[in-house]
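Worksheet: one structure, shown below.
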Amino acid sequence: MFPHRHLLQIEGLEPPAIGQMLDLAESYVLLNRSGKTQRDLLRGRTLINLFFEDSTRTRTSFELAGKRLGADVINMSVSSSSVNKGETLLDTAATLNAMHCDLLVVRHGESGAPALLAQKVDAAVINAGDGTHEHPTQALLDALTIRRRKGRLQGLTVAICGDVLHSRVARSNIHLLGAMGSQVRVIGPPTLIPSEAASLGVSVFHDMAKGLAGADVVMMLRLQKERMARGLVPSAREFFRFFGLDAEKLAFAKPDALVMHPGPMNRGVEIDSAVADDPARSVIKEQVEMGVAVRMAVLDTLARAEGRPRVRNAP
Ligand code: NCD
């Protein structure tokens, strides 16, 4: 039994809880590939996708996951809600609570916003990315992708490269991979590596050749210009020259190293198209497929958690 009501972060999750979620997601990969659905599982449940920040793949992925399990899915984005009219986050929470939704998927520009909502609503809250804090379902889908390809998570060397400073994906992955026994390295210019990196138990590199040496997995991150207050990188061209993943730099990693990216990609900035689209090395499309399965597992698990009412408004 998953011991939490919400999924707000990976930090603090026990390895068995992570393993259990990945195992359930694995079964959803098979279900999705067979073309079947399980629409009775979340029938009568309502899922609200509340997105205060833009998203294409994450929102679509949660929507598809909810629908494949039979939930009623409603998408609310900032532009169509009253947030633009000055309604506070807590007013929004009170409104949503009155609507009796069962599952609330939240993306917000401020770190900690989903945790605040979780204190105010009855629904199970799932963090779909908050500021620079965490993006737990992304780390779970990355872990599932790696585990399926490498057969394990324990004992692997995973290099997370680029704009680590602004990346909630990096933070969630550092916690998850660390908990499951992988060695995590972060590689980037000093301006894009958070000062607390070493205290998170990762090794820090500022040189791709050294950082990628012997890596089993190369995880690239998007250069998040929208979160950069000032120019932390000289130019996209310069960044690509030193930190962009191309065939030449990938050759420093193990010959069978996986190439990953959470998307959306800045082609030619942090990753070269030839590497991103190379079916022999890149598992970027598979990450998207795993995303739906992982979100089905998370929705299923939280909707059925102990103490949560079974079906509201049941006939
Ligand atoms: C990531 C995010 O939003 O944190 N993208 C995603 O979930 N697909 C990474 C990013 O925006 O670069």
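Whatever order the structure lists ligands and atoms in, that order sets their numbers, starting from 1.
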(request) Indicate the atoms forming the closest heavy-atom contact of Tyr28 with Asp300, along with that distance. (result)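 Here Tyr28 and Asp300 meet closest at OH-OD2, 2.7 Å.
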Just by distance, with hydrogens left out, do [X] and [Y] show a side-chain donor and acceptor under 3.5 Å apart?
{"X": "Arg295", "Y": "Ser61", "value": "yes"}
{"X": "Gln287", "Y": "His261", "value": "no"}
{"X": "Glu134", "Y": "Asn127", "value": "no"}

Around [atom], find the nearest protein heavy atom and jot down its residue, atom name and distance.
{"atom": "atom 9 (C) of ligand 1", "result": "Gly263 O, 3.6 Å"}
{"atom": "atom 4 (O) of ligand 1", "result": "Arg168 NE, 2.7 Å"}
{"atom": "atom 11 (O) of ligand 1", "result": "Arg222 NH2, 3.0 Å"}

Check ligand 1 against [X] and write out every atom of the ligand that is under 4.0 Å from a heavy-atom position of the residue.
{"X": "Arg57", "answer": "8 (N)"}
{"X": "His135", "answer": "2 (C), 4 (O), 6 (C), 7 (O)"}
{"X": "Thr58", "answer": "6 (C), 7 (O), 8 (N)"}
{"X": "Pro262", "answer": "8 (N)"}

Side chain [X], main chain [Y], donor-acceptor under 3.5 Å:
{"X": "Asn97", "Y": "His100", "answer": "no"}
{"X": "Asp163", "Y": "Gln224", "answer": "yes"}
{"X": "Asn266", "Y": "Val269", "answer": "no"}

(request) Assess Arg107 for proximity to ligand 1: is some non-hydrogen atom of it under 4.0 Å away? (result)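 Contact present.
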(request) Check whether any heavy atom of Gly129 sits under 4.0 Å from an atom of ligand 1. (result)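 No, Gly129 has no heavy atoms under 4.0 Å from ligand 1.
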(message) For the 3.5 Å polar cut-off, considering only N or O atoms, please tell me whether Val169 and ligand 1 meet it.
(response)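 No, no N or O pair falls under 3.5 Å.
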